[in-house]
Asker: 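First the structure, then my questions, so here it is.
In what follows, residues are counted from 1 in the order of the sequence shown.
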Amino acid sequence: MSNFEKRFGKYAIQNLSMVLIMCYGIGYILKWVYPPMLSYFYLNPYEIIFHGQIWRLVSWLLIPPSDFGFFTLLMLYFYYSLGTTLERTWGAYRYNVYIFSGMLFTILGAFLLFGYTVLVGGAEGIALWGMYGDSYILAPRFSTYYVNMSIFLAFASTYPNMQVMLFFMIPIRIKILGIIYGALLIYQFFLGSVADKFVIAASLMNFIVFFVTGRGKVHMTPRQAKRRQEFKREVKKSTKVTRHKCAICGRTEETNPELQFRFCSKCNGNYEYCEEHIFTHTHVQ
């Protein structure tokens, strides 16, 4: 993870939680303007494979997790707060990896379920992914709902002792909510349909990988997270290598980007000077 972060960390999307909220906002607008349009955005392997609708690999992120209302706003704000806190704790790169891996596992789960239905049901299995009237049967099951839930589980694992106000008045540790939700997921997984098993397992696989590879090292208080970020900034600042440095005054292209630096051909060795000392220094013999 660290090696990949060094190479690709600069490409991480900052404030990814806000990007997801903006996607939901677009989805709500489309739903108000023309509700049937959302049927073209579902993650549907049948339409992708047989009709070449490859935009569905991404467009399903625009489908909002629920109908718009007051409690939806509270829910979105809640998940935004959890996501931004995790991003500050883990760093933008690792939070990006967590979210995008959840999306990739969801896509993989959709194609695995499609293959399973075709293998078991043949033409009838394919028909389950086709459109009945103006709606689909299996495609709407794959959404960002469980991806959002994976954010909640990751936060509960990282900050197990943080308290939240249940129903705005009951203080409860978030790990208790995480345990309750985890038990509910296990119940739904074992008693649900085959499609439910694929959806739950695929959408939460990123949390399973996170939990297994974390090995108990994910617990960190906000104060510890802040100290770690400050330490990283100080280390990066102290270990930053400069290309040019004046042998007289010690100024570099970082401290004084307006200066020009030149090597002296008359000095015995590789001595570099700024434009103020290139002609006034004593040559090293």
Side-chain angles (χ1 to χ4, degrees), residues 1-23 25 58 61 77 79-104 151 154-155 157-162 206 209-285:
M1 193 69 164
S2 297
N3 293 332
F4 280 101
E5 185 173 1
K6 292 178 182 177
R7 296 181 59 185
F8 305 108
K10 60 183 178 181
Y11 301 112
I13 300 175
Q14 302 294 327
N15 203 3
L16 182 58
S17 298
M18 178 56 70
V19 176
L20 294 177
I21 298 298
M22 292 173 63
C23 289
V58 178
L61 299 175
Y77 176 76
Y79 285 118
Y80 171 75
S81 301
L82 299 186
T84 51
T85 303
L86 285 178
E87 183 173 341
R88 288 194 297 266
T89 303
W90 296 352
Y93 173 78
R94 293 175 183 243
Y95 183 64
N96 274 235
V97 170
Y98 183 75
I99 296 299
F100 284 119
S101 62
M103 297 174 182
L104 290 176
I151 296 176
F155 187 90
S157 298
T158 306
Y159 298 106
N161 295 319
M162 180 172 288
N206 61 331
V209 173
F210 154 80
F211 185 80
V212 172
T213 58
R215 295 187 296 275
K217 299 178 181 179
V218 297
H219 305 295
M220 184 179 299
T221 65
R223 183 176 298 178
Q224 290 172 328
K226 182 179 179 181
R227 285 204 306 265
R228 188 182 71 169
Q229 291 177 350
E230 291 176 350
F231 175 75
K232 286 185 176 181
R233 284 196 295 265
E234 292 299 326
V235 170
K236 185 177 181 180
K237 186 185 300 183
S238 61
T239 58
K240 194 167 187 178
V241 179
T242 58
R243 298 178 56 187
H244 305 287
K245 182 177 181 180
C246 180
I248 301 297
C249 62
R251 289 182 292 185
T252 68
E253 81 277 5
E254 294 293 334
T255 60
N256 298 85
E258 74 280 0
L259 294 179
Q260 294 185 1
F261 297 84
R262 296 289 186 271
F263 284 97
C264 180
S265 60
K266 296 181 180 181
C267 288
N268 187 14
N270 294 325
Y271 291 93
E272 191 174 16
Y273 304 93
C274 66
E275 59 188 32
E276 295 181 7
H277 296 107
I278 186 64
F279 298 112
T280 60
H281 69 275
T282 302
H283 299 298
V284 178
Q285 301 297 331

Asker: Just by modelled atom types, is the Gln260 backbone N or O under 3.5 Å from a matching donor or acceptor in the Glu275 side chain?
Answerer: yes
Asker: Answer yes or no: does atom CZ of Phe263 have more than 12 heavy-atom neighbours from other residues, nucleotides or ligands under 6.0 Å?
Answerer: yes
Asker: So, for Glu272 and Phe261, which heavy atoms are closest and what is the spacing to 0.1 Å?
Answerer: OE2-CB, 3.3 Å
Asker: Applying side chain to side chain donor-acceptor pair (under 3.5 Å), run through Tyr159 and Thr89 and close with a yes or a no.
Answerer: CA-CA 10 Å; Tyr159 298 106; Thr89 303; 2.3 Å; yes
Asker: From Tyr79 OH over to Ser17 OG, what is the distance, rounded to the nearest 0.5 angstrom?
Answerer: 12.0 Å
Asker: Please check if the side chain of Gln14 supplies one atom and the backbone of Ala92 the other of a donor-acceptor pair under 3.5 Å.
Answerer: no
Asker: Look at the side chain of Glu253 and the backbone N and O of His244, then say whether any donor-acceptor pair between them is shorter than 3.5 Å.
Answerer: yes
Asker: Please state whether the rings of Tyr77 and Tyr80 are parallel, tilted or perpendicular, taking 30° and 60° as the class boundaries.
Answerer: tilted
Asker: Hey, are the side chains of Val97 and Asn206 touching, using non-hydrogen atoms and a 4.5 Å cut-off?
Answerer: no
Asker: Considering residues, nucleotides and ligands other than Asn270, do more than 12 of their heavy atoms fall under 6.0 Å from its CG?
Answerer: no
Asker: Taking the side chain as every heavy atom from C-beta outward, state whether His277 and Arg251 have any pair of such atoms under 4.5 Å apart.
Answerer: yes
Asker: I want to check something: taking the side chain as every heavy atom from C-beta on, are Thr85 and Thr158 in contact at a cut-off of under 4.5 Å?
Answerer: no
Asker: Could you check Phe100 against Leu16 for side-chain contact (heavy atoms from CB on, under 4.5 Å), going step by step and ending with a plain yes or no?
Answerer: CA-CA 10 Å; Phe100 284 119; Leu16 182 58; 4.2 Å; yes
Asker: Is there a side-chain contact between Ile151 and Tyr95, using heavy atoms and a 4.5 Å cut-off?
Answerer: yes
Asker: Could you check if a side-chain atom of Cys264 sits within less than 4.5 angstrom of a side-chain atom of His281, using non-hydrogen atoms only?
Answerer: yes
Asker: May I ask you to test the Met103-Leu20 pair for a side-chain heavy-atom distance under 4.5 Å?
Answerer: yes
